[in-house]
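What follows is a set of notes on a single structure, which appears directly below.
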Amino acid sequence: MEKQTAWDYAIGLIKIDGLTPTREFMAMVEKEIRGEMTLDEIEASLNKKYKMKGETVTGRLEQ
């Protein structure tokens, strides 16, 4: 799957929940699509901004 298609799908799922991605998040998405930022860097940025009670944001499935 192309990066743009994958992000369109992911953002669509966010919107289904009635949420709107921030401009900052969308800028990171665009950088990732262009290869200027990695998914790990996006994850680290989100964790730094939204970390609560020792929890971290992750897109990986943990078993």
Worksheet item: Residues two or more places apart in sequence or in another chain: which of them pass salt bridge (charged side-chain N to carboxylate O under 4.0 Å, His left out) with Glu24?
Response: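 Scan of Glu24 (salt bridge (charged side-chain N to carboxylate O under 4.0 Å, His left out), adjacent residues dropped) gives Lys49.
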Worksheet item: Does the Glu30 side chain pair with the main chain of Ala27, one donor and one acceptor, at a distance under 3.5 Å?
Response: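 Pair absent, no side-chain N/O of Glu30 close to backbone of Ala27.
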Worksheet item: Would you say Arg34 has more than 12 foreign heavy atoms packed within less than 6.0 Å of its CZ?
Response: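 Result for CZ/Arg34: enclosed.
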Discussion item. Is it true that, when you exclude Glu2 itself, more than 12 heavy atoms of the residues, nucleotides or ligands shown sit nearer than 6.0 Å to its CD?
Written reply: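 Open: at most 12 neighbouring heavy atoms sit under 6.0 Å from CD of Glu2.
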Once rounded to the nearest 0.5 Å, what's the spacing between atom [atom1] of [X] and atom [atom2] of [Y]?
X: Glu41; Y: Glu36; atom1: CD; atom2: CD; result: 10.5 Å
X: Thr20; Y: Phe25; atom1: OG1; atom2: CZ; result: 12.5 Å
X: Ile11; Y: Met26; atom1: CD1; atom2: CE; result: 3.5 Å

Practice prompt. Determine, using the 4.5 Å side-chain heavy-atom cutoff (strictly less than), whether Leu19 and Trp7 are members of one ILVMFWY cluster.
Written response: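 Same hydrophobic cluster.
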Worksheet entry | Tyr9 reachable from Ile16 in the ILVMFWY side-chain graph, under 4.5 Å edges |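 The answer is yes; both residues are in one hydrophobic cluster.
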Worksheet entry | Note, Met37 side chain near Ile42 side chain (heavy atom, < 4.5 Å) |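 The answer is yes, as the side chains (C-beta and beyond) meet within the 4.5 Å cut-off.
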Worksheet item: How would you list, by chain and number, every residue that makes a side-chain hydrogen bond (donor to acceptor under 3.5 Å, both in side chains) with Gln4, sequence neighbours excluded?
Response: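 With neighbours one apart ignored, the set is Asp8.
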Item to complete: Search all heavy atoms of Glu32 against all heavy atoms of Lys3 and return the closest pair with its distance.
Response: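 Glu32 and Lys3 have their closest heavy atoms at O-NZ, 3.2 Å.
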